[in-house]
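Just below is one structure, and these are the notes that go with it.
The structure displayed is predicted, hence computed values, not measured ones. Convention: sequence-line order gives letters A, B, ...; per-chain numbering from 1.
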Amino acid sequence: MIHSERIRPLNNNAVYDKKFVLYWMQASARAGYNHALEYAIKKANELKKTLIVIFALTPGFPGANARHYHFMLEGLFETRNALLKRGIKMAIVIGNPPDIAASASKEACLAITDMGYLKIQRLWRREAAEKIKCAFIQVESDVIVPVETASNKEEFAARTIRPKITRLLEKFLAPLNETRLDLRSAGSNIKDKEYSNIFKNAGEEIIPCPSGDHGTGAIIKNLGADPSVKPSSFYRGGAAAALKLLEEFIENKLDDYAGLRNDPSLGFLSNMSPYLHFGQISPLYIALKVKESQKKKTAADVYLEEIIVRRELSMNFCHYNDNYDSFEGLPEWVLKNFRERENDRREYIYTSEEFEKAMTHDHYWNAAQLEMAATGKMHNYMRMYWGKKIIEWSENPREAFKTAIYLNNRYELDGRDPNGFAGVAWCFGKHDRPWTKRPIFGSVRYMNENGLRRKFDIESYVKKTAELCRAEGVELPSLTHLMEKNHGGRNPEEI
DNA sequence: ATCGGCTCGCGCAA
DNA sequence: TGCGCGAAGCCGAT
């Protein structure tokens with residue numbers, strides 16, 4: 001089922017009688033459970049044309065490095081193969097996305113794209129809409145309830161968006177059926193030679209797909225991506241890896257998710273966020289699988305709250321607030337709050353570089369930073385603590401915001417995601433309520449290491465992290481400290 | 001161990 | 001205009 005709310009024309013041009021339907025794949029980079037893809041197939045069948053899929057790979061995407069490109073490419077090659085099995089050709093082309101989309105659409109009847117929520121993705125769609133000469137339609141496949149359908153404004157908190165989303169779930173939490181591309185009528189209308197011409201002017205197509213590691217190394221080098229952040233050996237990119245993790249999560253962890261998800265010393269998370277970020281798995285598919293699972297209803301509800309309400313609150317934030325990635329995007333009461341605390345004394349002040357190298361006095365914080373640097377994903381609970389402490393130990397909250405965004409975007413596989421921006425902003429009070437006033441934070445929620453000790457076996461988290469960092473060959477002085485003493489800088493007697 | 005208060009503003013009821 | 005209540009907590013009183 002593709003609801004009309006997911007579909008929006010981005011220009012007023014006509015559908016031509018030309019050679020093929022084009023799907024400019026960008027945010028939903030997958031062959032399964034993709035509304036934009038299914039819509040494109042239906043249109044191709046209606047028009048009796050073939051379908052061509054194109055993905056534009058941007059060299060120098062802001063903040064993207066070898067870790068991100070590697071994960072994305074693993075997924076893209078898998079998607080290309082999966083589409084081929086459905087009789088659909090997909091080209092991965094290096095260049096500027098709107099130019100590639102425009103150029104590739106020259107011989108197209110109709111162009112389809114999907115929907116990402118970052119500013120740069122909005123800009124690409126706008127630019128493409130100006131350049132594409134045929135009809136150009138956007139089909140949303142990255143959320144369960146389309147953002148503008150759920151709400152027409154920036155929401156204040158989870159509690160304000162929750163009723164708006166839940167009342168629409170009956171409608172939008174619905175399965176998506178696959179349509180087969182009708183190859184008999186479509187197959188003959190484009191020849192291989194013509195096909196390759198489509199991309200000639202658009203950019204350089206990535207052809208190689210050797211077995212083994214997919215040969216991403218050379219491609220990443222060609223793209224000029226920052227090699228200093230290494231690919232993660234903990235998370236393999238692609239839909240197959242995502243589905244396997246999801247299955248395992250539902251089978252073994254979902255029942256205890258409500259009670260154990262916050263414990264950093266355990267691993268009761270679904271770890272879907274990197275895959276969701278790169279569009280390698282559908283949030284709708286995950287939600288349906290969890291809902292249909294024969295697991296405890298409360299557990300499933302807690303998970304659904306996170307993957308639907310909280311995740312889509314972050315899309316709402318990025319969609320309606322252009323300053324989602326800067327300090328100025330925070331609510332007025334927060335800005336006023338921090339202005340009043342400008343001159344509060346800071347006991348520790350670290351630079352962005354010191355944070356990056358995990359050189360703080362706090363071993364819990366250092367462990368969290370190292371976990372992120374080594375694996376590409378920090379435990380969700382530690383992300384809160386991590387962000388709160390950057391506020392406490394920076395020159396000022398504006399610097400803190402910059403540091404947190406920089407580090408999150410650089411090391412997290414799910415960095416540069418609406419969830420990441422909303423998560424950082426949450427640490428600064430966004431979407432949260434005020435609490436007891438205290439130094440530096442004012443009435444923005446405070447967190448401290450006592451909470452970690454009170455609630456979890458946090459020492460075992462530190463130990464676990466130190467071990468996996470060593471296994472990864474992380475060589476930082478902070479790691480040695482982590483191995484030697486792991487009591488958050490205090491004597492064991494005090495604990 | 002458990003509990004209430006802290007603190008702001010949205011959204012709904014009236 | 002008043003009132004209830006909220007994404008993950010902390011702290012002091014009991």
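- At whole-Å resolution of the value, CZ in A:Arg433 and P in C:dC10 are 13 Å apart.
- The listed nucleotides are C:dA7, B:dT7, C:dC10; the one nearest the side chain of A:Ser443 is B:dT7.
- Look at A:Asn380 and you won't find any side-chain N or O under 4.0 angstrom from OP1 or OP2 of C:dA7.
- Rounded to whole angstrom, the span from the CG atom of A:Asn337 across to the C1' atom of B:dG9 amounts to 14 Å.
- Rounded to a whole Å, the CG atom of A:Leu269 is 20 Å from the P atom of C:dA7.
- Of the candidates C:dC10, B:dC6, B:dC10, the closest approach to any side-chain atom of A:Thr436 belongs to B:dC6.
- The shortest distance between the side-chain N/O atoms of A:Arg159 and the OP1/OP2 oxygens of B:dG9 is not below 4.0 Å.
- Electrostatic pairing of A:Glu392 and A:Arg346 does not count as a salt bridge here, judged by no charged N lying under 4.0 Å from a carboxylate O.
- Here the side chain of A:Pro434 is nearest to one of B:dG11, B:dT7, C:dA7, namely B:dT7.
- Phosphate contact (OP1/OP2 of C:dA8, side-chain N/O of A:Asn262, threshold under 4.0 Å): absent.
- Rounded to whole Å, atom P of B:dA1 lies 16 Å from atom NZ of A:Lys455.
- Remark: B:dT7 base-pairs with no nucleotide; criterion is Watson-Crick or G-U wobble with both hydrogen-bond distances under 3.5 Å.
- Within the 6.0 Å centre-distance limit, the rings of A:Trp124 and A:Phe61 are counted as a close aromatic pair.
- Contacts of A:Met384 with the nucleic acid, taken as non-hydrogen atoms under 4.0 Å apart, include base atoms.
- Rounding to whole angstrom units, CG of residue A:Asn450 and C1' of C:dG12 are separated by 13 Å.
- Remark: A:Lys437 is in phosphate contact with B:dC8, judged by side-chain N or O atoms under 4.0 Å from OP1 or OP2.
- Distances shown here put a side-chain N or O of A:Tyr381 below 4.0 Å from the OP1 or OP2 atom of C:dG9.
- Separating the CD1 atom of A:Ile161 from the P atom of B:dG11 is a distance of 11 Å, rounded to the nearest angstrom.
- Spacing between C:dG9 and B:dG9 at atom P, rounded to whole Å, works out to 23 Å.
- The backbone N or O of A:Gly329 lies less than 3.5 Å from a partner atom in the side chain of A:Asn321, making a donor-acceptor pair.
- Within the 4.0 angstrom heavy-atom criterion, only backbone atoms of the sugar-phosphate kind lie near A:Arg162; the bases stay farther away.
- Rounded to the nearest Å, the gap between the P atom of C:dG12 and that of B:dT7 is 14 Å.
- Using cut-offs of 30° and 60° for the angle between ring planes, the A:Phe136 and A:Trp24 rings count as parallel.
- Residue contacts for A:Arg311: at a heavy-atom cut-off of 4.0 Å it reaches no nucleic acid atom on any strand shown.
- A:Tyr350 contributes atom OH, which lies 11.0 Å from atom NZ of A:Lys389 (distance to the nearest 0.5 angstrom).
- With C1' as the reference atom, B:dA1 and C:dA7 are 24 Å apart, rounded to whole Å.
- The nearest whole Å value for the distance from the NZ atom in A:Lys430 to the C1' atom in B:dG9 is 13 Å.
- A:Arg438 comes within contact range of the sugar-phosphate backbone alone, with a heavy-atom separation under 4.0 Å but no base atom that close.
- We find that CZ of A:Arg453 is positioned 14 Å from C1' of C:dC10, with the value rounded to whole Å.
- Residue A:Lys164 has no polar side-chain atom (N or O) positioned under 4.0 Å from OP1 or OP2 of B:dC10.
- For A:Tyr461, there are no ring pair (Phe, Tyr, Trp, His ring centres under 6.0 Å) partners two or more places apart in sequence or in a different chain.
- Distance alone, capped at 3.5 Å, places no donor-acceptor pair between the A:His431 side chain and the A:Ala158 backbone.
- With a cut-off of 3.5 Å on both Watson-Crick or G-U wobble distances, the partner of C:dA7 is given as none.
- For the pair A:Lys153 and B:dG11, the criterion of a side-chain N or O lying under 4.0 Å from OP1 or OP2 is met.
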